[in-house]
Amino acid sequence: MSFIADLHVHSGYSRATSKAMRPSGLWRWCQMKGIRVVGTGDFTHPEYFRELSDSLEPAEEGLFSLKEKQQEGDVPESCVSEVSFILQAEISSIYKKNGRTRKVHSIVLAPGLKEASKLNEKLDAIGNIKSDGRPILGLDAKLLLELVLDVSPECMVIPAHAWTPHFSVFGAVSGFDTLEECYDELTPHIHAIETGLSSDPPMNRRLSMLDNITLISNSDAHSPAKLGREANLFNTEMSYASMTKAMKTGEGFGGTIEFYPEQGKYHVDGHRKCNVSMEPTETRKAGFICPECGRKLTVGVMHRVDDLADRAEPAPSEFRYIVPLADLISEVMGRGVRTNGVQGRYLETLSALGNEFRVLRDTPLYDIKASAGDDIAGAVSKMRSGDLYIEPGYDGEFGVVSLDKKPPKPRKIKKTKAKKDGMLF
Ligand SMILES: [Zn+2]
Ligand SMILES: [Zn+2]
């Protein structure tokens, strides 16, 4: 069986996360996206754990489905499908090791509510798991791994967005240079890392030290529209055991669906406040100092990979790039992704053609042309062939996709606006 899974998301109990991020919302949106198995997010949060226990029921072995399924008429008929949940949380570890402050995010997967509950009990004794859906604990990432495996060897710990500067195992600011430096003798229990939005498999495959590590990709979504912006392909039976086995051995793991890493928020170096972005060579020349304000530049993922890589050319890997459909529609319409026009055409396209992954990956272009219009078909075609330009992201600012193969207009620093009710993105 072949299916798509997104194994890292957050719930409304995490900071800056949409209230629609709960089982019913995930279920609805995964159908529209074409995601067959989705992480629950945040099972460590006591209230959310209660909600999960109440609203989910066992489905395939080690996976769950929603008890009360109400389509409420807002999943287009063409997208209606099954969605299963996998128990998933993320822990933020902040601690000192080898004389430096370390900040590492870890994804945790659990095979059942019993195991998740046992883990929650242990974490509750260590720190505050109630204040945020992604709890911040003073727990060494290695000790977290030990504790999780002690709860059940079937649980899995996966370093999250492994290259982001501030909160990751290899991050430039507070990470490590090797997995061994972080996990010591427990390193063999790390079987997979999440590459994150700003890096892709070819970048990671420049490091021979990751040769035996499965590279997974997830959305880390804080709102439902972002689900599946990265995801994994599994060619296995649908069960917790088969999926974790695939990630541990690589067998049955079909590779990833990737964001263009340039579109990620930390691809190149820069200083967001000053609107300054720099390639690694420029950063080195500038002595890591922002030419505008004299502060330190944030070293991005490309730079960090470059520092730790031992190969000029990557070993082969299996993956495919996508650009989220709403971004493509926004670009062809010349309007913001949150405008009614873009949201309307997004839903029309799904209603006519089926879920987003199908449209982006499989639907023949002539069908897209006939149902969604020449402009969207053209954009999907360019996306599929990689015939586009992306102004790379830096220091927390997302990259910007342009279908004209030329740099988009210079960006202004965006002020975050509150979303209006009923907006999709
Ligand atoms: Zn994280
Ligand atoms: Zn600056």
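Order of listing sets the numbers, starting from 1, for every ligand and every atom in it. All residue numbers refer to positions in the sequence shown, counting from 1. Excluded from the calculations below are hydrogen atoms, water molecules and symmetry mates; all remaining heavy atoms, backbone and side chain alike, are included.
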Subject >> His105, N/O/S atom nearest the Zn ion (ligand 1) >> reply: ND1

Original post:
Can you name the N/O/S atom of Glu90 that is nearest the Zn ion (ligand 1)?
Top reply: OE2

**OP:** Rounded to the nearest 10 degrees, what's the angle ND1 of His271 makes with SG of Cys293 at the Zn ion (ligand 2)? Could you check?
**Re:** 100°

Original post:
Is the shortest heavy-atom distance from the side chain of Val268 to the side chain of Met278 under 4.5 Å?
Top reply: no

Original post:
For the ring pair Phe234 and Phe253, is the centre-to-centre distance below 6.0 Å?
Top reply: yes

Original post:
Would you call Ile193 and Leu210 a side-chain contact if the rule is heavy atoms closer than 4.5 Å?
Top reply: yes

Original post:
Near the Zn ion (ligand 1), is there an N/O/S atom from Asp220 that is less than 2.8 Å away?
Top reply: no

Subject >> Side-chain touch Tyr183/His189, heavy atoms, less than 4.5 angstrom >> reply: no

